[in-house]
Amino acid sequence: VHTVQHSLAGGTAMTLRRTPGDGDTTATEADTDETTESETDAATEEAPPPPRPEIEELDYAFVFTGGAYGRAAEAFMRLYYPEHRLIRAGSIEEMYDRLFSDMRADHYGRAPHLRELIIVPHANAAGGMQIPLTRGDVARRRFYNVWDLDDLQEEFQEGLHHRFRERRREVVANLIDDSTRVIVRGCEFGQSEEALDALRSLFGGQPDVWAPRAYQGYESVPIGTSFL
């Protein structure tokens, strides 16, 4: 006696089986291996995921001001943010050059991630920061605002500032995500939602961006002297 089995998985297949006790000793069509695929799937599902690389968190404080104000800001950062890499920068382009350089450095098997970036500029309630966008803007005194940032985007599209554009793209893709924090320590910058959104876009659109809505400043005051 032979039985016929139909399988609906992946199409209809017919397998002939010999019933035990059947006097017919002629070999029949071999049973198909119906468990191989499911066993393989189970083994795949049970395989542990590959280990995730360790993360090296990077924190920065970029100071874009000079003089007594800049020196006081640097002293503040050294005291209250000792783990941050304190850097005096002259433009947004220079800032991205440093981030790119640190990203490409040897991290001994760990994946670098930008956790927090503090920007110390002179700023205003209209959404301007006294930070040149490119190195060339230092001479022509073009500073950060939403209109000049739009102009910079057009210049990128026209093929200008190629190295700046490519390095920014690499940093945004590999260092920055939605857990990155960008903090502006410049007067009243937080009053301009448009400027905050533009700054977030400059960092790829993912980070949280904070800025004060009121005045703030840095000053070194000698202890024990009279103010009168």
Side-chain angles (χ1 to χ4, degrees), residues 57-99 102 113-135 137-138 140-156 164 168 171-172 175-223 227:
E57 299 290 2
L58 303 178
D59 299 311
Y60 292 87
F62 284 93
V63 177
F64 290 94
T65 62
Y69 187 92
R71 291 191 297 272
E74 290 175 342
F76 181 90
M77 294 299 161
R78 290 192 187 95
L79 180 61
Y80 293 103
Y81 296 90
E83 302 302 321
H84 285 52
R85 303 180 186 201
L86 180 59
I87 301 163
R88 178 73 68 90
S91 66
I92 297 293
E93 180 181 11
E94 186 178 340
M95 178 188 70
Y96 266 105
D97 280 345
R98 176 57 188 264
L99 294 175
D102 288 354
H113 170 254
L114 179 57
R115 177 169 53 189
E116 183 170 275
L117 187 145
I118 299 174
I119 298 173
V120 182
H122 290 299
N124 57 54
M129 291 189 291
Q130 197 171 336
I131 305 175
L133 299 177
T134 70
R135 284 183 168 85
D137 291 336
V138 176
R140 59 177 172 167
R141 299 186 62 80
R142 180 173 73 165
F143 300 115
Y144 177 96
N145 58 58
V146 294
W147 303 281
D148 287 337
L149 201 59
D150 284 342
D151 290 343
L152 179 64
Q153 178 66 24
E154 292 180 4
E155 291 168 5
F156 280 169
F164 181 10
R168 173 189 169 273
V171 168
V172 167
L175 278 188
I176 298 173
D177 60 18
D178 58 4
S179 66
T180 300
R181 301 185 299 270
V182 177
I183 301 173
V184 178
R185 289 185 170 271
C187 292
E188 302 180 314
F189 187 78
Q191 292 189 32
S192 174
E193 291 293 335
E194 187 178 10
L196 289 171
D197 288 341
L199 185 61
R200 184 178 297 109
S201 296
L202 183 63
F203 285 96
Q206 295 191 77
D208 288 325
V209 179
W210 284 278
R213 299 178 61 84
Y215 288 102
Q216 77 151 61
Y218 299 96
E219 183 179 10
S220 296
V221 179
I223 301 298
F227 290 99

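Here the structure is a predicted model, which means the values were calculated and not measured. All values below were derived from every heavy atom in this structure, side-chain atoms included, with hydrogens, water molecules and symmetry-related copies excluded.
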After noting the C-alpha distance and the side-chain angles of D137 and L152, does the key distance pass the side chain to side chain contact (heavy atoms under 4.5 Å, CB included) rule? CA-CA 11 Å; D137 291 336; L152 179 64; 5.7 Å; no

Worked verdict on I119 versus F64 for side chain to side chain contact (heavy atoms under 4.5 Å, CB included): CA-CA 7 Å; I119 298 173; F64 290 94; 3.7 Å; yes

Begin from the C-alpha positions of R185 and I118 and carry the test side chain to side chain contact (heavy atoms under 4.5 Å, CB included) through to its verdict. CA-CA 7 Å; R185 289 185 170 271; I118 299 174; 3.9 Å; yes

Applying side chain to side chain contact (heavy atoms under 4.5 Å, CB included) to E94 and V138, what does each step give before you reach the verdict? CA-CA 11 Å; E94 186 178 340; V138 176; over 6 Å; no

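The CG atom of D177 lies 13.5 Å from the CZ atom of F203; values are rounded to the nearest 0.5 Å. Between the CG atom of D208 and the CG atom of L196 there is a distance of 11.5 Å, given to the nearest 0.5 Å. Separation of atoms OG1 (T65) and NE2 (H122) is listed at 5.0 Å; rounding is to 0.5 Å. Atom-to-atom distance recorded for R140:CZ and L133:CG is 8.5 Å, nearest 0.5 angstrom. With rounding to the nearest 0.5 angstrom, the CZ atom of R71 is 8.0 Å from the CZ atom of R88. To the nearest 0.5 angstrom, E154 atom CD is 5.5 Å from D151 atom CG.
Using modelled atom types, one side-chain atom of Q191 and one backbone atom of R213 make a donor-acceptor pair closer than 3.5 Å. Formation of a donor-acceptor pair under 3.5 Å by the Y144 side chain with backbone atoms of L199 is found in this model.
Heavy-atom minimum distance, P121 versus Y69: O-OH, 4.4 Å. Between L79 and P82, the shortest heavy-atom distance links the atoms O-CD, 3.9 Å. In this structure, A198 and V146 approach most closely via the heavy-atom pair CB-CG1, 3.9 Å. Of all heavy-atom pairs between L114 and L117, the closest is CD2-CD1, 4.1 Å. Between S220 and P222 the shortest heavy-atom distance is O-CD, 3.8 Å. Here the shortest heavy-atom pairing between F189 and A211 reads CD2-CB, 3.7 Å.
Using a 4.5 Å cut-off on side-chain heavy atoms (C-beta onward), H113 and S179 make contact. Annotation: side chain of Y218 is in contact with side chain of V120 (closest heavy-atom distance under 4.5 Å). By the 4.5 Å heavy-atom criterion applied to side chains, Q206 and T180 are not counted as neighbours. Residues L202 and R168 meet the side-chain proximity criterion, which asks for heavy atoms closer than 4.5 Å.
Crowding of E194 atom CD: a count of heavy atoms from other residues, nucleotides or ligands under 6.0 Å not exceeding 12. Around atom CZ of R141, no more than 12 heavy atoms belonging to other residues, nucleotides or ligands sit under 6.0 Å away.
Classification of the F62-Y60 ring pair by plane angle, with boundaries at 30° and 60°, yields parallel. F156 and F164 have perpendicular rings, their planes meeting at more than 60° on a 0 to 90° scale where under 30° would count as parallel.
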